[in-house]
Amino acid sequence: MSDEDKDGKTEEATARRLEEARADGQVAMSTEFVAGVMLAATAISILTVGSGLTEAAGMLVVDGANEASRLAIQELVVGDFTGLLRRAGDAVIGPLTLLVGPVLVIGLLVGYGQIGLQLSPKAIGIKPEKLNPISGFKKVLGPRGFMRTALGVLKISCIATAVATVCWFEVPAISSVAGTDVQTSVAAIGQLLFRTTFAGLLVIIAISLIDLLYQRLQFAKDMRMSKKEIRDENKNAEGDPHVRARIRQIQREMAMSRMMDDVPDATVVVTNPTHYAVALRYVDGTDAAPTVLAKGLDEVALRIRAIAAENGVLVLEEPPLARALHRSCDIGDAVPEDLFEAVAKVLAYVYRAQGAAAA
């Protein structure tokens, strides 16, 4: 077994891996956290608008009783019954919307706030492997299944403990209202319910935060990659390194071939005498300045000299100038101003040589 196999998946997931997981519906989302926040929102909503809903429900009972007594002395028809239902709905729909609407909105915000809003067709598609009972048992008996079971037991135990603790400390207060009027007893019981509910909500929120942290850590662990997977991903994204190297080699060869094809059009080749070679072209009235057509070192310099000799291009040994041109110019560049004077002397020599040869 290689060291890579021993190490396993030790590397953090790449951005591409996370995108693919998200497309498959794999996200770090805590449903416990969503449920906990929605429960807290429900409690706050009840405290805020619950009185209005209670009042509407009470009025509905009173109106319903009055309407029932009126309808009892006459024949009941469908229109009377539907009208009764419509009035009942109109009475509670407003307060009920104010109670439930914000809770649903908060639930959506908390849920999508964890994972972001993005539709994933793959996640809602039918996958036969999800119907495999063996895979289902593995999930139930795996780390996630164990965590869900442990979290459920922990939640029930902690909530029961918190409620029992609050009730224990409220025993003297409850005992003190024994024998008092109904209003005082109901107020005491309501206060007890409020405190026990608040304690239970605190426990649920705390457990949901633990689950949120666990889901993120577990997701990061599940998304880990091996070094081989990262290398394979880079190959797929950027192409095989051998192929890229071959492409670069071909590009260099093509550029070299184009450069050598331009050497016969040169006016002069300046050398050093064998390590450097720079082919220059200057046509009076056509070129604004002398231009570098080709340059190279060692073997490339020898090839430039050979092609120049075959095509009757003058080869002139000017070591300092050859080195300076090779260092400061790329193929197709005009000669820089600081080398104009040296290049002009070379061109003047070339013109005199060409004139002497023509004579």
Side-chain angles (χ1 to χ4, degrees), residues 18-57 60 88-127 130 136 139-140 142-163 166 190 193-223:
L18 294 176
E19 289 177 1
E20 291 176 350
R22 183 180 182 83
D24 290 335
Q26 294 178 279
V27 291
M29 180 175 179
S30 172
T31 55
E32 292 289 340
F33 184 67
V34 176
V37 173
M38 290 185 69
L39 283 175
T42 301
I44 295 173
S45 184
I46 290 174
L47 291 175
T48 305
V49 299
S51 58
L53 182 61
T54 303
E55 182 179 354
L60 179 62
D90 293 340
V92 299
I93 189 65
L96 190 61
T97 301
L98 292 176
L99 177 67
V100 178
V103 175
L104 295 178
V105 172
I106 290 174
L108 290 174
L109 292 177
V110 173
Y112 284 107
Q114 297 181 59
I115 60 176
L117 181 59
Q118 179 179 339
L119 297 179
S120 178
K122 291 184 179 179
I124 60 178
I126 299 176
K127 296 182 179 180
K130 290 185 176 181
K139 290 182 179 180
V140 172
R144 288 184 180 274
F146 175 78
M147 181 64 185
R148 282 193 292 268
T149 303
L151 189 65
V153 174
L154 176 65
K155 186 195 304 184
I156 294 173
S157 302
C158 291
I159 293 174
T161 302
V163 171
V166 172
L193 289 175
F194 174 78
R195 291 180 178 178
T196 53
T197 301
F198 182 74
L201 280 176
L202 287 180
V203 172
I204 291 174
I205 292 296
I207 294 176
S208 65
L209 288 173
I210 295 174
D211 182 67
L212 177 65
L213 178 61
Y214 167 77
Q215 293 295 339
R216 293 185 177 275
L217 293 176
Q218 185 64 38
F219 178 76
K221 182 179 179 181
D222 292 341
M223 291 295 104

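Numbers for residues simply follow the sequence, beginning at 1. All values reported here derive from a predicted model rather than from experimental measurement.
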Listed by chain and number, what are the side-chain hydrogen bond (donor to acceptor under 3.5 Å, both in side chains) partners of Thr42, not counting sequence neighbours?
-> none
Smallest separation among heavy atoms of Lys155 and Ile207, with atom names | CA-CD1, 3.3 Å
Full working for side chain to side chain contact (heavy atoms under 4.5 Å, CB included) between Phe33 and Leu209 | CA-CA 6 Å; Phe33 184 67; Leu209 288 173; 3.4 Å; yes
Rounded to the nearest 0.5 Å, the CG atom of Leu202 sits from the OG1 atom of Thr197 at a distance of 11.0 Å
Write down the atom of Ala41, the atom of Ile106, and the distance for their closest heavy-atom approach.
-> CB-CD1, 3.7 Å
If every non-hydrogen atom of Ala162 is compared with every non-hydrogen atom of Val203, which pair is closest and at what distance?
-> CB-CG2, 3.6 Å
Euclidean distance, Asp211 CG relative to Gln218 CD, rounded to 0.5 Å | 11.0 Å
Which atoms form the tightest heavy-atom contact between Val34 and Gly107, and what is the distance?
-> CG1-O, 3.9 Å
Step by step, work out the side chain to side chain contact (heavy atoms under 4.5 Å, CB included) result for Glu32 and Gln215.
-> CA-CA 10 Å; Glu32 292 289 340; Gln215 293 295 339; over 6 Å; no
Reported CG-to-OG1 distance for the pair Leu154 and Thr161, which is rounded to 0.5 angstrom = 9.5 Å
Note: Ala40 and Leu201 closest approach over all heavy atoms is N-CD2, 3.9 Å
Nearest 0.5 Å please: distance from the CG atom of Leu212 over to the CE atom of Met29.
-> 10.5 Å
Within the side chain of Ser208, is there an N or O that forms a donor-acceptor pair under 3.5 Å with the backbone of Ile205?
-> yes
